[in-house]
Structure formats: structure tokens, C-alpha cells
Amino acid sequence: MSGTVERFFEHLSARDWVSLRGELAPEVERIGPFGDRVAGRDRYLAMLEAAVPADYRNDVHLVTYAADGRAAFARVTEHLGYPTQTLDLEEAYAFGLDAQGLVSRVEVFWQTPQHDPASSS
């Protein structure tokens, strides 16, 4: 079964902005891992189009939906290939879904083990 969140990552990985637009509510809000916020579908898509490199994909490991269908959570490995480096980020996403099943909120969290104070001993 392919729900909204699965399609979100499918279109994002393909950099298919037209199809991704169809999964987003007009008032979607994205909260990034540093507390950064982007509000509105057009602004969010413009941010993604500018930030997502051509060498890009997501491995979606798990998607779980709330019983009422208004929230979902995903565990993903994001792969970003830039000319000078490749990043493989372990991430968790929290999604809010509106009454039509469109993504109305995206919160992105990632692990940064290099900043773990316990590892500097």
C-alpha cells in the first residue's frame, strides 16, 4: 500500500516537484532539524528544489500512521550526493495530515552522533 507519506518520499527522491505538490496542503509548514520554518506549499517546494542535489534518494525503513489518519511517522536514511561530499543522514519525520490526507506539517529530525558529548571522553 502506498499512502501519502510513501508517495511524499517517492516524489521527493525522484525530485518530481509537480507530483510532490499534489501531496502537500497549500498551507503546509516544514520545521527543520534546527528549528527553521518554511510555511506555504510554494515556498516549501522552492526550498526543496534549491536544496536537494541531483544525486539524491531516500531509503524509507518504516512508516506508521495514527489510527485516525491525521498523523504519520517515518524513519528514513537520506542520501545526498554533493560534488565535494556525500551525506547519509539517519532521520525521523513527523507528519501532520489534513482531512483530505494531504501533508499539512513536516517535522524533520536527524541524528548527529559526531556531536554526542559522551563520545568525546
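Position 1 is the first residue of the sequence, and the numbers go up from there.
- Listed by chain and residue number, nothing satisfies the salt bridge (charged side-chain N to carboxylate O under 4.0 Å, His left out) test with Asp68 (two or more places apart in sequence, or in another chain).
- Asp55 meets the side chain to side chain donor-acceptor pair (under 3.5 Å) test with no other residue; sequence neighbours excluded.
- The heavy-atom pair separating Gly81 from Pro53 by the smallest distance is O-CB, 3.5 Å.
- Contact record, Val5 with Tyr65: N-OH, 3.0 Å, taken as the closest heavy-atom pair.
- Judged as a salt bridge (charged side-chain N to carboxylate O under 4.0 Å, His left out), and not counting sequence neighbours, the contacts of Asp42 are Arg21.
- Distance CZ/Phe8 to OG/Ser19: 13.0 Å, rounded to 0.5 Å.
- Contact check for Arg105 versus Ile31: side-chain heavy atoms found under the 4.5 Å cut-off.
- By the side chain to side chain donor-acceptor pair (under 3.5 Å) test, Asp98 pairs with no residue at all, sequence neighbours left out.
- Note that CG of Leu87 is 11.5 Å distant from OH of Tyr56, once rounded to the nearest 0.5 Å.
- Counting only residues at least two apart or on different chains, the ring-ring contact (aromatic ring centres under 6.0 Å, His included) pairs with a member in residues 16-36 are Phe34-Trp110.
- Between the side chain of Ser104 and the backbone N or O of Gly96, at least one donor-acceptor pair lies under 3.5 Å.
- Side-chain atoms of Thr77 never come within 3.5 Å of backbone atoms of Leu89 as a donor-acceptor pair (strictly under, hydrogens ignored).
- Shown here are the salt bridge (charged side-chain N to carboxylate O under 4.0 Å, His left out) partners of Arg43, two or more places apart in sequence or in another chain: there are none.
- In this model, a donor atom of one side chain and an acceptor atom of the other lie less than 3.5 Å apart for Asp59 and His79.
- Not counting sequence neighbours, the partners of Thr86 by the side chain to side chain contact (heavy atoms under 4.5 Å, CB included) test are Asp88.
- Residues meeting the side chain to side chain donor-acceptor pair (under 3.5 Å) test with Tyr82, sequence neighbours left out: none.
- Partners of Arg30 by side chain to side chain donor-acceptor pair (under 3.5 Å), not counting sequence neighbours, listed by chain and number: Asp36.
- With sequence neighbours excluded, the residues forming a side chain to side chain contact (heavy atoms under 4.5 Å, CB included) with Ala94 are Phe73, Glu107, Phe109, listed by chain and number.
- To the nearest 0.5 Å, atom CG of residue Leu24 and atom CG of residue Leu45 are 5.5 Å apart.
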Start with the C-alpha gap between Leu48 and Val38, add the side-chain angles, then the distance that decides, and say whether side chain to side chain contact (heavy atoms under 4.5 Å, CB included) holds.
-> CA-CA 10 Å; Leu48 288 172; Val38 176; over 6 Å; no
Which is it for Arg75 and Glu90 under the salt bridge (charged side-chain N to carboxylate O under 4.0 Å, His left out) test, yes or no, and what are the steps along the way?
-> CA-CA 8 Å; Arg75 192 172 100 45; Glu90 296 302 321; 3.0 Å; yes
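- Counting only distance, with no hydrogens or angles, the side chain of Arg41 and the backbone of Val28 share no donor-acceptor pair below 3.5 Å.
- Listed by chain and residue number, Arg7 satisfy the salt bridge (charged side-chain N to carboxylate O under 4.0 Å, His left out) test with Glu23 (two or more places apart in sequence, or in another chain).
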Tell me, with the steps shown, if Glu29 and Arg37 meet salt bridge (charged side-chain N to carboxylate O under 4.0 Å, His left out).
-> CA-CA 7 Å; Glu29 180 180 32; Arg37 294 175 184 266; 3.0 Å; yes
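- In this structure the side chain of Leu102 never reaches within 4.5 angstrom of the side chain of Leu97, judged on heavy atoms.
- Using a 4.0 Å cut-off between a side-chain N of Lys or Arg and a carboxylate O of Asp or Glu, Arg57 and Glu78 do not qualify as a salt bridge.
- With sequence neighbours excluded, the residues satisfying ring pair (Phe, Tyr, Trp, His ring centres under 6.0 Å) with Tyr93 are Phe9, Phe95.
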